[in-house]
Number of protein chains: 2
Amino acid sequence: MKKEIDNKLNLKNIKPTAMRQLVLQVLTEQKTAISLPELEQKFEKADKATLYRTLKSFQENKLIHSIEDGSGSLRYALCQDNCECDPEDLHVHFLCTNCNQTFCLNDIPVPTINLPSSFSFESVNMVVKGICSNCKK
Amino acid sequence: MKKEIDNKLNLKNIKPTAMRQLVLQVLTEQKTAISLPELEQKFEKADKATLYRTLKSFQENKLIHSIEDGSGSLRYALCQDNCECDPEDLHVHFLCTNCNQTFCLNDIPVPTINLPSSFSFESVNMVVKGICSNCKK
DNA sequence: AAGTTGATGCAACCGGGTTGCAAAGTTATT
DNA sequence: AATAACTTTGCAACCCGGTTGCATCAACTT
Ligand SMILES: [Mn+2]
Ligand SMILES: [Mn+2]
Ligand SMILES: [Zn+2]
Ligand SMILES: [Zn+2]
């Protein structure tokens with residue numbers, strides 16, 4: 001367990017501090033994307049700024065990616081093992097309008113768009129909204 | 001000019017007050033989507049709350065649509081004439097990473113996604129980021 | 001041991017969005 | 001025309017997510 005966590009951090013060149021181990025632990029257990037305020041609530045006593053900077057460094061080192069799901073706060077989720085956060089790693093996200101949870105649809109790549117020739121492409125954000133499998137039943 | 005503005009408001013069942021005429025005027029002249037703070041700056045002395053409620057009523061009456069472009073603030077743009085803000089009216093948006101302006105790509109519909117069968121579709125937000133035609137040259 | 005670097009905690013701040021409430025304006029009723 | 005009912009506006013205050021400055025603390029280097 002602990003070994004796994006430290007491994008992941010080391011692989012991404014992130015010094016494994018206690019805080020970072022804890023945050024990565026939460027992110028690993030988490031099945032849906034999580035926001036900074038939500039992450040804050042997972043700890044009894046945690047500093048927003050520290051968590052903020054933890055997430056930031058995780059993202060800079062491509063351990064997690066952020067999702068603008070329109071829920072009012074940025075959400076974060078672990079990257080796939082092979083992920084380099086390049087355009088080809090982009091996938092569709094799903095926001096449930098009932099439970100307000102955001103899912104990575106890792107095996108659904110974002111479709112290519114034929115932009116007007118005068119526009120050039122850098123990245124793309126695609127969020128589908130609807131009812132998730134948990135809420136559907 | 002004035003006639004056109006009032007016509008549009010009437011068509012959408014929005015009482016044409018002075019404020020609403022002015023805001024619609026701005027939105028009509030505007031070639032890219034505009035946020036509430038940006039709209040505020042278009043007027044010398046304008047109240048944020050009034051503008052906020054104006055945009056809200058415009059949106060409720062399907063005169064404008066809002067765009068979550070990840071720029072930090074919601075942006076708004078006029079709907080097409082025939083628009084009912086239904087899924088088939090959804091189009092791709094483009095945020096220029098240089099000038100920070102957001103464009104409606106009205107003739108590029110959002111591609112359909114085959115969701116996992118346990119998820120149901122309601123709507124979708126797709127924003128492409130890159131360099132716009134103005135900034136490219 | 002002293003110095004250097006990076007991580008943490010606390011507080012304060014910023015900006016977008018939202019609401020309560022009273023004043024002003026509009027429309028309907030008598 | 002006067003009154004009442006309803007809508008819109010303006011102001012202030014608030015909420016919340018995100019961000020930063022700064023002092024302190026921990027780990028590592030010399
Ligand atoms: Mn994802
Ligand atoms: Mn649009
Ligand atoms: Zn759900
Ligand atoms: Zn541009």
Side-chain angles (χ1 to χ4, degrees), chain A residues 5-6 9-10 12-27 32-61 63-77 95 100-102 125 127, chain B residues 5-6 9-10 12-26 33-61 63-77 95 100-102 125 127:
Chain A
I5 296 286
D6 281 13
L9 290 173
N10 285 326
K12 302 283 185 173
N13 298 309
I14 304 166
K15 265 198 264 181
T17 68
M19 197 70 242
R20 288 170 181 169
Q21 291 167 339
L22 287 173
V23 171
L24 180 50
Q25 184 69 48
V26 169
L27 286 168
T32 55
I34 191 173
S35 68
L36 174 56
E38 286 162 355
L39 182 60
E40 225 180 326
Q41 293 172 352
K42 294 269 178 182
F43 299 94
E44 308 235 330
K45 177 195 155 297
D47 178 50
K48 199 175 38 155
T50 303
L51 294 175
Y52 168 74
R53 287 186 273 233
T54 301
L55 289 174
K56 208 169 173 183
S57 83
F58 280 9
Q59 185 168 15
E60 280 163 0
N61 292 286
L63 179 56
I64 63 177
H65 60 283
S66 64
I67 306 151
E68 296 157 358
D69 62 7
S71 68
S73 51
L74 268 183
R75 290 233 171 92
Y76 301 87
L95 171 62
N100 192 36
Q101 292 201 297
T102 293
N125 181 43
V127 178
Chain B
I5 296 286
D6 281 13
L9 290 173
N10 284 328
K12 302 283 185 173
N13 298 308
I14 303 167
K15 267 198 264 179
T17 68
M19 196 70 242
R20 288 169 181 171
Q21 290 167 339
L22 288 172
V23 171
L24 180 49
Q25 185 68 47
V26 170
I34 191 172
S35 67
L36 173 56
E38 286 162 354
L39 181 61
E40 224 180 325
Q41 293 172 353
K42 294 268 177 182
F43 299 95
E44 308 235 332
K45 178 197 154 300
D47 178 51
K48 200 175 37 154
T50 303
L51 294 175
Y52 168 74
R53 287 186 273 235
T54 301
L55 290 174
K56 207 168 170 184
S57 84
F58 280 9
Q59 185 168 15
E60 280 163 0
N61 292 285
L63 179 57
I64 63 178
H65 60 283
S66 65
I67 306 152
E68 296 158 358
D69 62 7
S71 68
S73 50
L74 266 183
R75 290 232 171 93
Y76 302 86
L95 171 62
N100 192 36
Q101 291 202 298
T102 293
N125 181 44
V127 178

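Being a predicted model, the structure only gives us computed values, none of them experimental. We name chains A, B, ... by the order of the sequence lines, and we start the count at 1 in each one. Values below: every heavy atom of this structure, side chains too, minus hydrogens, waters and symmetry copies.
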What pair of heavy atoms forms the shortest contact from B:Ser66 to B:Gln59, and how long is it?
OG-NE2, 2.9 Å
Does B:Asp69 use its side chain to pair, donor to acceptor, with the backbone of B:Ser71 at less than 3.5 Å?
yes
B:Leu51 has an atom CG; how far is it from atom P of C:dT18, in whole Å?
14 Å
Between C:dT26 (C1') and B:Met19 (CE): distance, integer Å
17 Å
Between B:Arg20 (side chain) and B:Thr54 (backbone), is there a donor-acceptor pair under 3.5 Å?
no
Rounding to a whole Å, what distance do you find between B:Leu9:CG and D:dT8:C1'?
14 Å
Any chance you could lay out the side-chain contact (heavy atoms from CB on, under 4.5 Å) test for B:Leu51 and B:Phe43, step after step, and finish with the verdict?
CA-CA 10 Å; B:Leu51 294 175; B:Phe43 299 95; 4.2 Å; yes
What nucleic acid atoms does B:Thr50 come within less than 4.0 Å of, heavy atoms only: base, sugar-phosphate, or nothing?
base
Which part of the nucleic acid, if any, lies within contact of A:Lys15, taking any heavy atom under 4.0 Å across all strands shown: a base, the sugar-phosphate backbone alone, or nothing?
sugar-phosphate
Tell me whether the side-chain N/O atoms of B:Tyr52 come closer than 4.0 Å to OP1 or OP2 in C:dT18.
yes
Under 4.0 Å between any heavy atoms, over every strand shown, what does B:Thr17 touch: base, sugar-phosphate, or nothing? Just pick one.
sugar-phosphate
Output the rounded distance in Å from CZ (B:Arg53) to C1' (C:dG16).
16 Å
Nearest to the side chain of A:Leu74 - D:dG18, D:dT8, D:dA12?
D:dG18
